[in-house]
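I have placed the structure first, in the form of structure tokens, so that the comments after it can refer back to it.
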Amino acid sequence: MLVRGIRGATTIESNTREEIIARTEELLQTLVNRNDIETEDIVSAIFSVTDDISAEFPAVAARRLGWIYTPLMCTREIPVQGSLKMCIRVLLHINTEKKQNEIIHVYLYGAERLRPDLNSGETDRYYTSRK
């Protein structure tokens, strides 16, 4: 079995505990559903947030989803001038038999702008939502 990485990101409207947890849960559920992931196959998750997010750790959402034994880490994103604000990113590591080109990465809400090359419709390996 291989270990593969899956990327995902979302944005929030306001720096509140409730919104951070809700948007992170939505992101994680979408990643799990789109990639047919079982909780026991999740090796680890690294979350990053932009400087303007501080009301809660995104990892709280993963714990609420039952990822009790999964190693989780939260960190700050590098504050590059002009970069997307109010953004939560995740890198999941999973055990899988899927090939790298079979993994579906997920970008929700304003996070779609992180990968404008993927909005061309030329690939189905990425999931974006214009909510």
Side-chain angles (χ1 to χ4, degrees):
M1 187 160 299
L2 300 169
V3 175
R4 297 281 187 210
I6 304 176
R7 283 274 301 145
T10 190
T11 56
I12 59 174
E13 299 289 321
S14 61
N15 182 29
T16 64
R17 181 179 194 276
E18 296 76 22
E19 189 165 357
I20 292 166
I21 292 171
R23 290 282 176 102
T24 305
E25 281 183 356
E26 178 184 16
L27 174 62
L28 296 176
Q29 286 285 53
T30 305
L31 283 164
V32 165
N33 293 340
R34 300 287 297 180
N35 289 285
D36 299 315
I37 301 169
E38 299 294 327
T39 301
E40 60 270 9
D41 290 328
I42 302 169
V43 175
S44 63
I46 300 170
F47 297 91
S48 70
V49 296
T50 49
D51 284 349
D52 44 13
I53 299 176
S54 61
E56 186 57 273
F57 296 105
V60 170
R63 295 288 185 235
R64 290 176 79 174
L65 292 175
W67 300 12
I68 305 304
Y69 303 109
T70 305
L72 307 173
M73 179 180 280
C74 297
T75 189
R76 288 265 188 210
E77 190 68 28
I78 299 169
V80 174
Q81 186 176 9
S83 63
L84 182 62
K85 300 294 183 194
M86 303 292 276
C87 187
I88 300 166
R89 294 169 172 88
V90 66
L91 172 59
L92 290 183
H93 302 98
I94 63 164
N95 290 316
T96 185
E97 294 297 333
K98 290 184 179 184
K99 295 179 180 177
Q100 194 169 17
N101 66 354
E102 296 175 318
I103 299 296
I104 299 171
H105 307 277
V106 175
Y107 297 87
L108 303 177
Y109 302 96
E112 290 179 340
R113 79 174 251 214
L114 295 173
R115 295 299 306 265
D117 55 313
L118 303 178
N119 290 331
S120 67
E122 294 175 15
T123 178
D124 61 354
R125 300 290 37 132
Y126 294 86
Y127 176 79
T128 59
S129 172
R130 288 193 164 87
K131 295 184 178 180

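Residue indices begin at 1 and follow the sequence shown. It should be emphasised that the depicted structure is a prediction, and the values quoted were computed from it without experimental measurement.
Of all the heavy atoms in L114 and A9, the pair that sits closest is CD1-CB, 3.7 Å. Of all heavy-atom pairs spanning L92 and I42, the tightest one is CD2-CG2, 4.4 Å. Of all non-hydrogen atoms in V90 and A45, the two that sit nearest each other are CG2-CB, 4.3 Å.
Residues H93 and I46 have side chains in contact (heavy-atom distance under 4.5 Å, counting atoms from C-beta outward). Under the 4.5 Å side-chain criterion, counting only non-hydrogen atoms from C-beta, D51 is in contact with R76. Side chains of T30 and T10 form no contact here, defined as non-hydrogen atoms less than 4.5 Å apart. The closest side-chain heavy-atom distance from I21 to R64 is below 4.5 Å. Put simply, the side chain of T96 does not reach to within 4.5 Å of the side chain of D41, judged on heavy atoms.
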Next item on the list: Report the C-alpha separation of L28 and F47 in whole Å, then their side-chain angles, then the decisive distance to 0.1 Å, and conclude whether the side chain to side chain contact (heavy atoms under 4.5 Å, CB included) test is met.
Entry: CA-CA 11 Å; L28 296 176; F47 297 91; 4.1 Å; yes
Check: Do L27 and V106 pass the side chain to side chain contact (heavy atoms under 4.5 Å, CB included) test, and can you show the C-alpha distance, the side-chain angles, and the key distance before you say yes or no?
Finding: CA-CA 7 Å; L27 174 62; V106 175; 3.9 Å; yes
Check: Can L72 and R63 be said to form a side chain to side chain contact (heavy atoms under 4.5 Å, CB included), step by step?
Finding: CA-CA 9 Å; L72 307 173; R63 295 288 185 235; 3.3 Å; yes
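For residues 8-22, the salt bridge (charged side-chain N to carboxylate O under 4.0 Å, His left out) pairs, not counting sequence neighbours, are R17-E56, E19-R23.
Residues L108 and L65 are members of one and the same hydrophobic cluster, defined by side-chain heavy-atom contacts under 4.5 angstrom among Ile, Leu, Val, Met, Phe, Trp and Tyr. Note on I12 and Y109: separate hydrophobic clusters, where clusters join Ile, Leu, Val, Met, Phe, Trp and Tyr whose side-chain heavy atoms are under 4.5 Å apart, directly or indirectly.
Applying the side chain to side chain donor-acceptor pair (under 3.5 Å) test to E25 and every residue at least two apart in sequence or in another chain returns nothing.
Atom-to-atom distance recorded for S44:OG and I94:CD1 is 11.0 Å, nearest 0.5 angstrom. Going from atom CD1 of I88 over to atom OG1 of T50 covers 8.0 Å, rounded to the nearest 0.5 Å. Note that the CZ atom of R34 and the NE2 atom of H105 stand 12.0 Å from one another [nearest 0.5 Å]. One distance of note links CG of L31 with CG of N33; it measures 9.0 Å at 0.5 Å rounding.
By the neighbour-count criterion of 12 heavy atoms within 6.0 Å, atom CD1 of I78 is sparsely surrounded, having that number or fewer from other residues, nucleotides or ligands.
Remark: the backbone N or O of N35 is paired with a side-chain donor or acceptor of K98 at under 3.5 angstrom. Between the side chain of T24 and the backbone N or O of I20 there is at least one donor-acceptor pair closer than 3.5 Å. With S48 contributing its side chain and E77 its backbone, the two residues share no donor-acceptor pair below 3.5 Å. In this structure a side-chain-to-backbone donor-acceptor pair under 3.5 Å is present from N15 to A55.
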